[in-house]
Amino acid sequence: MANVVVVGAQWGDEGKGKIVDWLSERADVVVRFQGGHNAGHTLVIDGKVYKLHALPSGVVRGGKMSVIGNGVVLDPWHLIKEIETVQAQGVEISAETLMIAENTPLILPIHGELDRAREEAASAGTKIGTTGRGIGPAYEDKVGRRSIRVADLADEATLEARVDRALQHHNPLRRGLGIDEIDRDALLAQLKDIAPKILPYAAPVWKVLNEKRKAGKRILFEGAQGSLLDIDFGTYPFVTSSNVIAGQAATGSGIGPGAISYVLGIVKAYTTRVGEGPFPTELLDEDGQRLGERGHEFGTTTGRKRRCGWFDAALLRQTCATSGMTGIALTKLDVLDGFETLKICVGYDLDGDRLDYLPTAADQQARCKPIYEEMPGWSESTEGARSWADLPANAIKYVRRVEELIDCPVALLSTSPERDDTILVTDPFSD
Ligand code: IMP
């Protein structure tokens, strides 16, 4: 049995798309287990670019089963559009190859409106910088027990009752925010219209996954966002609204934690963040600008410019621990080519004390100053390297030092967006 969980180990945008695609070729089933269409995964296959938000990356590979698990919040209108877009690119999607958990909560148009209205109304310092896709409000409805779930679309009476329950909460809230109330019949009509397009994909995912597991099929759990955006372990409140760390693969799909044999953390060779919130190693100088330009650091979902900074080994140690990382895939090493000196954050100075982790309290986080270790850079290009022999000595030293500092081995090293530009150390799927 070899079932692999892939999680982002920083603030998202670590280059998961390419690694997940690489691994999905070896998998039978690919499962999304949290988040929604706030994610943006870019896959480059034979020069063709696929941009996925809600669909598991496995869809673009023939012969795989793609699964949207119950831990996801699903915008059904967005999903249908995304399916049509990739179908127009020649990808085959059918009820045989795509499954959606019946207990997946839906993102409704009211969730996106609420998300955006709150962000607009927020004062400086309290804005989260969300993607505006309604993720937070949809998860609030889930834990508030007033979600409309995929299975509810199949029965008119249930659907009406669920809509009434949701609107009992949302309409007073909207009045308070000065937004028009929702028209019950119009929302019902929208849901009844989309239902027949979504229901063919609905399935008891927990059951199918457990059957696949027993049959010895290889399952890949594809995380979105990054561990530092986790609702519990991230830089709260500047986080997303789901658990992002590896444990969520079990609860977000209905498979027991014992099914997971390998946790792969995706780690960028430097650090980026989109949206607001603490970022101890952020660079607001020329070096930050250079990382952003060389790394093409613009969000796939919102097009926003990403904030850039040096590699933070202290934060990585933290995320390797909370996800129980077995190994990491280090990406975008080539973006560091040409820097004379590289810095790695190894801990923080908090009011004169040295810490080896980022404390939880916001005021302490704000006072933490990174303690850096400096390493010599390299002038040679590492872009497209496919073996250790292709790498300059200083690049190898950098990778080895990262492994040492985060106490986790490199399993894969990615040196360009092309899938074959990868150095394989350990195959996470090998039993
Ligand atoms: P939300 O997930 O739209 O609620 O946004 C909450 C925070 O998570 C914001 O800082 C977003 O920029 C960030 N975020 C959400 N999804 C992603 C992602 O896929 N990559 C990077 N950041 C993300």
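As the structure lists them, so they are numbered: ligands from 1, and atoms in each ligand from 1. Computed from a prediction, not measured in an experiment: that's the story for all the values here. For the single chain, residues carry numbers from 1 onward in sequence order.
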> Considering the options E297, Q10, E14, which one meets the side-chain hydrogen bond (donor to acceptor under 3.5 Å, both in side chains) requirement together with K268?
Replying inline: E297

Which of the numbered atoms in ligand 1 are below 4.0 angstrom from a heavy atom of [X]?
X: G129; value: 9 (C), 10 (O), 11 (C), 12 (O)
X: G275; value: 10 (O)
X: D13; value: 20 (N), 21 (C)
X: V274; value: 10 (O), 12 (O), 21 (C), 22 (N)
X: L229; value: 8 (O), 13 (C), 14 (N), 22 (N), 23 (C)
X: A39; value: 19 (O)

So, is [X] polar-close to ligand 1, with some N/O to N/O distance under 3.5 Å?
X: R133; value: no
X: V239; value: no
X: R273; value: no
X: S241; value: no

> When rounded to the nearest 0.5 angstrom, what is the spacing between OG1 in T322 and CG in L228?
Replying inline: 8.0 Å

>> Working to the nearest 0.5 angstrom, can you tell me the gap between F33 CZ and E222 CD?
In response: 8.5 Å

> So is W11 close enough to ligand 1, meaning a heavy atom under 4.0 angstrom away?
Replying inline: yes

> Does CD belonging to E373 count more than 12 external heavy atoms closer than 6.0 Å?
Replying inline: yes

> Just wondering, do M65 and M99 contact through their side chains at under 4.5 Å, heavy atoms?
Replying inline: yes

>> Could you check whether any side-chain heavy atom of T271 comes within less than 4.5 Å of a side-chain heavy atom of L315, counting everything from C-beta outward?
In response: no

> Should the ring pair F311 and Y398 be called parallel, tilted or perpendicular, given that the plane angle runs from 0 to 90° and is split at 30 and 60?
Replying inline: perpendicular

>> Can you tell me how the ring of F339 sits relative to the ring of W310, calling it parallel under 30°, perpendicular over 60° and tilted otherwise?
In response: perpendicular

>> Assess, by modelled atom type and distance only, whether the side chains of S24 and K64 contain a donor and an acceptor separated by less than 3.5 Å.
In response: no

> Would H111 and D75 count as having a side-chain donor-acceptor pair, cut-off 3.5 Å?
Replying inline: no

What is the nearest protein non-hydrogen atom to [atom], stated with its residue, atom name and distance?
atom: atom 12 (O) of ligand 1; value: R304 NH2, 3.0 Å
atom: atom 5 (O) of ligand 1; value: T130 CA, 3.4 Å
atom: atom 3 (O) of ligand 1; value: T131 OG1, 2.6 Å
atom: atom 2 (O) of ligand 1; value: T240 OG1, 2.6 Å

> Of the choices Q225, Q10, R306, which has the non-hydrogen atom that lies closest to atom 17 (C) of ligand 1?
Replying inline: Q225

